[in-house]
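Every chain is numbered from 1 and lettered A, B, ... according to where its sequence line falls, protein lines coming before strand lines. Every heavy atom of this structure was used, including side-chain atoms; hydrogens, water molecules and symmetry mates were not.
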2 protein chains.
Amino acid sequence: MIPLLRRAFPLLDDLARTHGKALPQDVLAGTITAVLLVPQALAYALLAGLPPQIGLYASVLPPIVYAFLGGSRTLAVGPVAVAAAMVASALIGFAADDSTRYLYGALMLSAMTGTFLLLLGALRLGWLTHFISHLVLSGFMTGAALFIVGTQLAPLTGIAVPREADFAEIVRFLAFSGASANTMTVICSVCAILSLLLARKPLIALLGQLGVHPDIAGILSRTAPLLVITLATIISARFDLQHSAGLAVVGEIPQGIFNVDFAFLSEPSWLLLAPSALMIALIAYVESISVARTLAFRRHEKIDPDRELLALGISNLAGACVGAMPVAGGFSRSMVNFDAGARTQAAAVVTATWVALGALFFTTLLRDLPKAVLAAIIVVAVFQLIDFRSLRRTWAYDRGDGITQVATIAGVLLFNIELGLILGVVLGTAVFLYKTSRPHIAKIGRIIGTEHFRNIDRHDVETWPEILLLRIDENLYFGNTPRVETQLMNMVIERDNLRAVVLILSGVAHIDSSSLEMLESFQRSLADKAIALHLAEIKGPLMDRLSRTPFLQALGPGRVHLSTNAAVKSLLHEIS
Amino acid sequence: MIPLLRRAFPLLDDLARTHGKALPQDVLAGTITAVLLVPQALAYALLAGLPPQIGLYASVLPPIVYAFLGGSRTLAVGPVAVAAAMVASALIGFAADDSTRYLYGALMLSAMTGTFLLLLGALRLGWLTHFISHLVLSGFMTGAALFIVGTQLAPLTGIAVPREADFAEIVRFLAFSGASANTMTVICSVCAILSLLLARKPLIALLGQLGVHPDIAGILSRTAPLLVITLATIISARFDLQHSAGLAVVGEIPQGIFNVDFAFLSEPSWLLLAPSALMIALIAYVESISVARTLAFRRHEKIDPDRELLALGISNLAGACVGAMPVAGGFSRSMVNFDAGARTQAAAVVTATWVALGALFFTTLLRDLPKAVLAAIIVVAVFQLIDFRSLRRTWAYDRGDGITQVATIAGVLLFNIELGLILGVVLGTAVFLYKTSRPHIAKIGRIIGTEHFRNIDRHDVETWPEILLLRIDENLYFGNTPRVETQLMNMVIERDNLRAVVLILSGVAHIDSSSLEMLESFQRSLADKAIALHLAEIKGPLMDRLSRTPFLQALGPGRVHLSTNAAVKSLLHEIS
């Protein structure tokens, strides 16, 4: 019973194993993370177009559920910027100005995101997310961040930009509509953004010069958003800026840490939101697993992808039950948690407890919090996601990858956030298929004095007129079968007096049925010309498969060699 | 001028080069092919749901155009069974019972098939067709053949099966509709099918025993369809079976070799047929190029795929201008042409001349030709396309390929001929991506007494406790990056006292940007643990690319080795 419990709930196992010795560390780390999480929770709810408390709900129960079920010891689960933007993108068309339907839509997204994650885990389809490459994800994040900055121009300036607008429309509206900004809102935004930016590297550098330990300086820097919120709220309340200067404020936030209301279950249009929920699930998982994997390896630990899918799925389902927006493991928050010394998910329970205390007792204080400050927090947070340096590097390294990344960014900005992602995945896959469809086939020879064989065009090698050594540098599959066949045929036709062709398969992990058929017919065609086909360096798993086929029998005895060197030795012996 | 002409028209080049010496051979081969082509032309027009002359038109001008432009010396272009079935499948929904619209639809298909082939050639996109694997094509052919047999049950029995029916409906109709067959039609069909089957291997064997040369026996066997048509027409006319016994006959066939009528150009619904035309273009090209390539290699010749696309495209466009159905290079017909000794496309001109003579002077004789005989010719011809043996072999060799093939056949039969093809291509690609997404990574060691390194689990090898040699047997790309990262990390975590990890890249032709980033982060993680990352056996083209990246600089000097053996030597020297 106990072992079963410990396997089902890694947190219990960790606590039992460490005899609670890591708890003090976890309490400290959890507290620091909470300081970062509270402003993010409020801001990302605003980003999703939801009331602030929906972000708080997403920061209490879901991370606690993950804490017990999840396999990562330091992943900090909660609302994240990109998922919030995807929620907004999905719901603008779905609910427009009907705020109840909008909220129900958000809960439907949480429920379906959770269900999709569970399904992916149960069907062991996590590998499907590998097709959202790092490249596409980075392009997607850059595009999404630019898009998010665009959407925040409204709360930052006080101009009422239409909410259905896409990125291009927002820019056009701001440039040409003639609507003028609210002065106090702009002042508030600029001060908040400047404070947040200065609280990063400049503050840490300053504190360092003052002799403060870097770790402490880092922690102090992390408190900036909470301090800015507190200060702005106090000033806004003291001078009643809402009424005296037209500054938009958050307003009443109901107290509590959840709002159980299953009315959203009776909404009729679930199917409409299902594609968006699937996208959110994929992005949530990809972001979470990559952070979890990186942090785990630093401490010599492993991550089980399927467990992560299940844990994130149940966290989101639990979130839907308590009125929360979709959650994922956040990158910056998890890094803070890790750097602050979190050892187990007990830290996440501590974080959630702090958020719960705030949500239960202090929300009334936030009535006068300016929305512009939350928008500033969003903008500064997502600005880190914008990564044009990666784009430059990608472009220099591989043109196909570069085009994929540019197309992803452009897709997000010109169409919408989901189409951009799909475009990236499809293009990325097409680029890979294109590359594998035109394989490199090298004529090779022996580097003199070694047993090593390399390309005759690149190295100084010895060759033999009656033997053609061909190294195929790609899996053989239908996508390149016709081209490989043509290349092989042409290389044979070029040479006279050929007695043997040796295919070196060191670069071939798979031969599919179509290619096998091609090799069989190539072997027969060579036999008609009295040329023998030999194979060398077949890898173990491929040999297991080939040995069951009539192809190897058709080749004849002594035609398969362990190494190229062995093949050449045996052929030279045979010919002479 | 002359060289330009010879390059543009390979036939002229061939004739000039051979000084016409091949002509007698070509005349013989062209004549034999004509004997086979005439019955096929009539039958495939019927299969496409078109009047018989449309098949004849497709057998005169299009092959002559191909003869001058095409790169294959022996490909016999004309109407083919599968394209005919695809025309029927596309037009049933398009035109139903409006025979003018149906005919216009066929010409639109010819025109668009030609256009798509030209476009594929001009944009050098022929490689796209590689994704219709041999496997999928074979499954598609099997499914299409079964489907064609199903559609011919109506003319074979005289039961009026509704034309819109799919395969399952046809079977259901025949089994349950209670409609009874026409006795004379069934007799005619059975006699025709038996004669055609007996004229194959049994006749050749019999002639062989009588001392006839196999080549002559083969040619005599090929005349069977024409003889059956002649005999059946004579009997049908003599006893007026159309009126006395209700036997359906072909009826009047207008004399002529073309019917120029551009009225079809003003049809409004071209877009409706475009997807079908694209499919026909792809199948026509794939079938043609594979026959052309095989036959060319037998005579030590090359085929230029782009030229084939252009030549087939112009042939189809020419066909549309003279009222012909879509054409392609037929497999059986080309084999007959080749075996009969055709040396150049002059043979095709001879074939077309014979067909033209027939179409100009003898069509009135065919008035009483029973449709059942044409159906019998179709059924016997497509029966050769049914290949369940390939399915069994594929299934035994590779389960994923087997599933793809079964799904293709099932898709053709259960949905329709085009959806089956799409299903096959998509599934085939998914299977390939799935395979490449889970690469094999082998821990390797040195086979004692050689410089050859193999898997430690499969071979008796020497290893070193401080060095981990890992051979990655797959291209590194986003689809497997997360899995490779996890595997590498796990293999490192398993070992203590590790000083160096050597990645052997003999099986890696491509590293995409996502994987490069993964390798960079892996290198940094290893450096944190004081483990050095080395690379060995990087292939030339990959090295060209990597050498431009900061990754190689980050690795440090002396970390890239030509061979695994060199890496081990250098490391042992360094460690000791």
Contact leader toward chain B among A/G507, A/S133, A/G126, where contacts are heavy-atom pairs under 4.5 Å:
A/S133
Heavy-atom proximity to chain A below 4.5 Å, by part of B/D473
both
Does A/Y397 have B/R545 sitting over its ring (NZ/CZ under 6.0 Å from centre, angle to axis within 45°)?
yes
Chain A contact via B/Y477 - which portion, at a heavy-atom distance below 4.5 Å
side chain
So, the part of A/A396 with a heavy atom under 4.5 Å from chain B: the answer is backbone
Among B/I493, B/T486, B/L546, which residue has the highest count of heavy-atom pairs closer than 4.5 Å to chain A?
B/I493
Step by step, work out the side chain to side chain contact (heavy atoms under 4.5 Å, CB included) result for B/D398 and A/I511.
CA-CA 10 Å; B/D398 187 314; A/I511 295 181; over 6 Å; no
For B/L135 versus A/S513, what's the shortest heavy-atom pair and its separation?
CD1-CB, 3.8 Å
For A/R299, I'd like to know if atom CZ has over 12 heavy atoms of other residues, nucleotides or ligands within 6.0 Å.
yes
Where on B/N455 is there a heavy atom nearer than 4.5 Å to chain A: the side chain, the backbone, both, or neither?
neither
Please find the pair of heavy atoms, one from A/S437 and one from B/W127, that lie closest to each other, and give the distance.
OG-CE3, 3.7 Å
Looking at A/L516, A/V508, A/D528, which one has more heavy-atom pairs under 4.5 Å with chain B than the rest?
A/L516
Nearest heavy-atom contact between B/H452 and A/E451 is N-OE1, 4.5 Å
Of the backbone (N, CA, C, O) and the side chain (C-beta and beyond), which part of B/T450 lies under 4.5 Å from a heavy atom of chain A, both, or neither?
both
Under 4.5 Å heavy-atom distance to chain A, tell me which part of B/T429 shows up: side chain, backbone, both or neither.
both
Against chain B, label A/R548 side chain, backbone, both or neither, depending on which of its atoms sit under 4.5 Å from a heavy atom there.
side chain
Picking from B/K435, B/E485, B/R438, which has the most non-hydrogen pairs under 4.5 angstrom with chain A?
B/K435
In terms of heavy-atom pairs under 4.5 Å with chain A, which of B/L433, B/N480, B/T404 leads?
B/L433
What option among A/P482, A/A442, A/P305, A/S506 has the most heavy-atom pairs under 4.5 Å with chain B?
A/P482
Tell me, side chain or backbone of A/T564 under 4.5 Å from chain B's heavy atoms, or both, or neither?
neither
More than 12 heavy atoms of other groups within 6.0 Å of A/K569 NZ
no
Tell me, for B/E301 versus chain A, whether the close heavy atoms (under 4.5 Å) come from the side chain, the backbone, both or neither.
backbone
Please answer whether the main-chain N or O of B/P550 pairs with a side-chain N or O of A/R393 as donor and acceptor at a distance below 3.5 Å.
no
Proximity breakdown for A/S563 and chain B, heavy-atom pairs closer than 4.5 Å
both
Checking heavy atoms, do the side chain of B/L505, its backbone, both or neither come under 4.5 Å from chain A?
neither
Pick one of side chain, backbone, both or neither for B/T394, based on which atoms fall under 4.5 Å of a heavy atom in chain A.
both
Using non-hydrogen atoms and a 4.5 Å limit, figure out which bit of B/I444 sits close to chain A: side chain, backbone, both or neither.
neither
How are the rings of B/F432 and A/F432 set to each other: parallel, tilted or perpendicular (split at 30° and 60°)?
parallel
Among B/N490, B/T294, B/T549, B/N565, the residue with the most heavy-atom pairs under 4.5 Å to chain A is B/N490
Most heavy-atom pairs under 4.5 Å with chain B, out of A/H134, A/H459, A/M489, A/E537, belong to A/M489
Where does A/D304 contact chain B at under 4.5 Å (heavy atoms): side chain, backbone, both or neither?
neither
Side chain from CB out, backbone as N, CA, C, O: work out which of these in A/R458 comes under 4.5 Å of a heavy atom of chain B, or both, or neither.
side chain
Could you walk me through whether B/F478 and A/V136 satisfy the side chain to side chain contact (heavy atoms under 4.5 Å, CB included) test, starting with their C-alpha distance in whole Å, then the side-chain angles of each, then the deciding distance to 0.1 Å, before giving a yes or no?
CA-CA 9 Å; B/F478 58 89; A/V136 167; over 6 Å; no
Checking heavy atoms, do the side chain of B/E517, its backbone, both or neither come under 4.5 Å from chain A?
side chain
When B/I303, B/T436, B/I289, B/I132 are compared by non-hydrogen pairs under 4.5 Å with chain A, the top option
B/T436
Please find the pair of heavy atoms, one from B/G479 and one from A/H130, that lie closest to each other, and give the distance.
O-CB, 3.4 Å
Could you measure the distance from the OG atom of A/S514 to the CG atom of B/L137? Nearest 0.5 Å is fine.
9.5 Å
Chain A shares the most heavy-atom pairs under 4.5 Å, among B/E474, B/K539, B/H440, with B/K539
Under 3.5 Å donor-acceptor, A/R454 side chain and B/L562 backbone
yes
Within a 6.0 Å radius of atom CZ on A/F331, are there more than 12 heavy atoms belonging to other residues, nucleotides or ligands?
no
